[in-house]
Amino acid sequence: MKEFLEIRFEGWTATPRLPFILAGNALCMQVPSYSTVLGIIGCCLGRLVHQKEVFIGYKYKYDTEAEDLETRHRLEFDGRNVKSHAKGTDAYKRAFHTNPQLTIWIDKLEWEEYFQTPVGSPSLGQSQDLLVIKSVRKVKATKVDQGVVSGCMIPFKGTMETSGQLVQIAESFEENEAIGSGRKSFRSRIFLAIPYDADREIRFENIYKVDNTSIYIHDWL
């Protein structure tokens with residue numbers, strides 16, 4: 001038996017953007033990345049959270065996907081700093097999710113007070129995709145060999161017999177010391193994103209049962 005801290009977030013919109021799409025529409029992944037979830041936790045704590053500090057599990061769902069028209073500000077890296085691109089701005093279509101619901105499980109029970117009274121205003125995607133914390137509680141979890149999961153992202157293995165959206169992304173990022181000098185990725189991996197409306201029964205390490213919900217806890221190993 002293990003104990004986790006469970007935090008439930010809700011919002012009006014969310015933009016878990018699909019990376020590396022540089023032309024045309026800005027698309028959404030079916031679930032947020034672990035680097036995004038780590039950023040949400042860090043926002044509540046008011047500091048950068050290193051990936052080795054905490055184990056994370058989450059479940060994400062939303063009502064519908066819609067599109068909006070926005071102005072995009074081009075940026076470029078000159079080898080030392082990030083600055084505005086000489087081509088200026090352009091307009092593009094941006095996909096977003098409506099009425100997102102995100103539940104996070106972490107193994108840091110002592111962080112409860114930061115989610116009761118968060119330092120920053122958490123958001124999922126862009127700054128306007130604000131989240132509100134609906135509940136915070138400690139839950140008991142039982143480790144199991146397999147479970148039915150959805151609305152999450154798990155490391156992909158060639159032996160998997162399940163379907164989902166394959167994405168290759170960085171597990172997390174670390175900020176460079178100089179302000180405006182960008183950030184570096186911790187590690188790039190292929191993940192299988194399982195949408196909330198497609199339950200998948202999988203046999204995998206770090207599957208836990210919380211109440212009647214099966215969750216995958218990512219340990220960054």
Side-chain angles (χ1 to χ4, degrees), residues 9-54 56 58 60 62-102 104 114-115 118-133 153 165-191 193 218 220:
F9 298 85
E10 291 183 6
W12 287 338
T13 61
T15 315
R17 185 172 176 179
L18 183 67
F20 310 123
I21 304 297
L22 302 179
N25 297 349
L27 306 178
C28 283
M29 291 193 295
Q30 294 170 332
V31 298
S33 65
Y34 283 102
S35 61
T36 297
V37 176
L38 197 65
I40 292 173
I41 295 172
C43 178
C44 294
L45 269 62
R47 66 173 177 85
L48 295 176
V49 177
H50 193 274
Q51 66 272 3
K52 294 183 179 179
E53 288 187 68
V54 59
I56 297 174
Y58 72 86
Y60 174 74
Y62 59 93
D63 284 353
T64 60
E65 183 172 304
E67 286 187 346
D68 200 359
L69 190 65
E70 285 193 347
T71 298
R72 174 165 45 196
H73 294 265
R74 293 187 178 95
L75 301 174
E76 63 178 345
F77 183 61
D78 64 3
R80 299 183 62 184
N81 297 295
V82 177
K83 62 180 183 180
S84 296
H85 197 282
K87 291 185 178 181
T89 64
D90 67 346
Y92 75 111
K93 289 183 179 180
R94 176 183 65 88
F96 64 94
H97 295 162
T98 64
N99 297 323
Q101 300 173 44
L102 174 67
I104 297 175
Y114 292 104
F115 298 99
V119 175
S121 300
S123 61
L124 207 172
Q126 298 189 331
S127 58
Q128 66 264 36
D129 298 320
L130 293 173
L131 296 172
V132 61
I133 299 175
M153 186 175 286
Q165 182 185 38
L166 286 176
V167 290
Q168 182 168 1
I169 53 177
E171 272 189 304
S172 65
F173 293 90
E174 295 179 356
E175 298 291 333
N176 293 332
E177 293 184 5
I179 296 176
S181 61
R183 57 185 184 172
K184 58 184 177 182
S185 60
F186 169 65
R187 179 172 55 185
S188 177
R189 297 181 65 177
I190 298 176
F191 288 91
H218 190 57
W220 315 97

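For clarity, every value in this text was computed on a predicted model and none was experimentally measured.
- At a threshold of 4.5 Å between non-hydrogen side-chain atoms, the residues Ile40 and Pro32 do not count as touching.
- Put simply, the side chain of Gln51 does not reach to within 4.5 Å of the side chain of Arg187, judged on heavy atoms.
- Under the 4.5 Å side-chain criterion, counting only non-hydrogen atoms from C-beta, Ile56 is in contact with Trp220.
- For the residue pair Leu38 and Ser172, the shortest heavy atom distance occurs at CD2-CB, 4.0 Å.
- Nearest approach of Phe173 to Ala170, heavy atoms of both residues: CZ-CB, 3.6 Å.
- The structure places CG of Asp63 at 7.0 Å from CD of Gln101, a figure rounded to the nearest 0.5 Å.
- Between Asn81 and Lys83 there is no side-chain heavy-atom pair separated by less than 4.5 Å.
- At distances below 3.5 Å, not a single donor-acceptor pair connects side-chain atoms of Thr64 with backbone N or O atoms of Thr98.
- A search for salt bridge (charged side-chain N to carboxylate O under 4.0 Å, His left out) contacts involving Glu67 returns nothing, not counting sequence neighbours.
- Between Tyr60 and Tyr62, the angle of the ring planes lies from 30° to 60°, which puts this pair in the tilted group.
- Using a 4.5 Å heavy-atom threshold, the side chains of Phe9 and Leu124 count as separate.
- With rounding to the nearest 0.5 Å, the separation of CD in Glu53 from CD1 in Ile41 is 10.0 Å.
- Between Pro122 and Gly120, the shortest heavy-atom distance links the atoms CD-O, 3.4 Å.
- Between the CZ atom in Phe96 and the CG atom in Leu27 there is a gap of 14.0 Å [rounded to 0.5 Å].
- Rounding to the nearest 0.5 Å gives a distance of 8.0 Å between NZ of Lys93 and CG of Leu69.
- Inter-residue side-chain proximity for Pro19 and Met29 is flagged as met; some heavy-atom pair is nearer than 4.5 Å.
- Met153 has its side chain within reach of Val167: a pair of non-hydrogen atoms, C-beta onward, lies under 4.5 Å apart.
- The aromatic rings of Phe191 and His218 lie perpendicular to each other, with more than 60° between the two planes, well past the 30° mark.
- The SG atom of Cys28 sits 4.0 Å away from the NE2 atom of His97 when rounded to the nearest 0.5 Å.
- In this structure, Thr36 and Tyr58 have side chains that are not in contact, with every pair of non-hydrogen atoms separated by 4.5 Å or more.
- When all heavy atoms of Cys44 and Ile133 are compared, the closest pair comes out as SG-CD1, 4.2 Å.
- The environment of Tyr114 atom OH is sparse: at most 12 non-hydrogen atoms of other residues, nucleotides or ligands sit within 6.0 angstrom.
- With rounding to the nearest 0.5 Å, the separation of OG1 in Thr13 from CZ in Arg94 is 6.5 Å.
- For the residue pair Asp129 and Ser123, no side-chain donor N or O sits within less than 3.5 Å of a side-chain acceptor on the partner.
- Shortest non-hydrogen contact noted between Thr15 and Ala95 is CG2-O, 3.6 Å.
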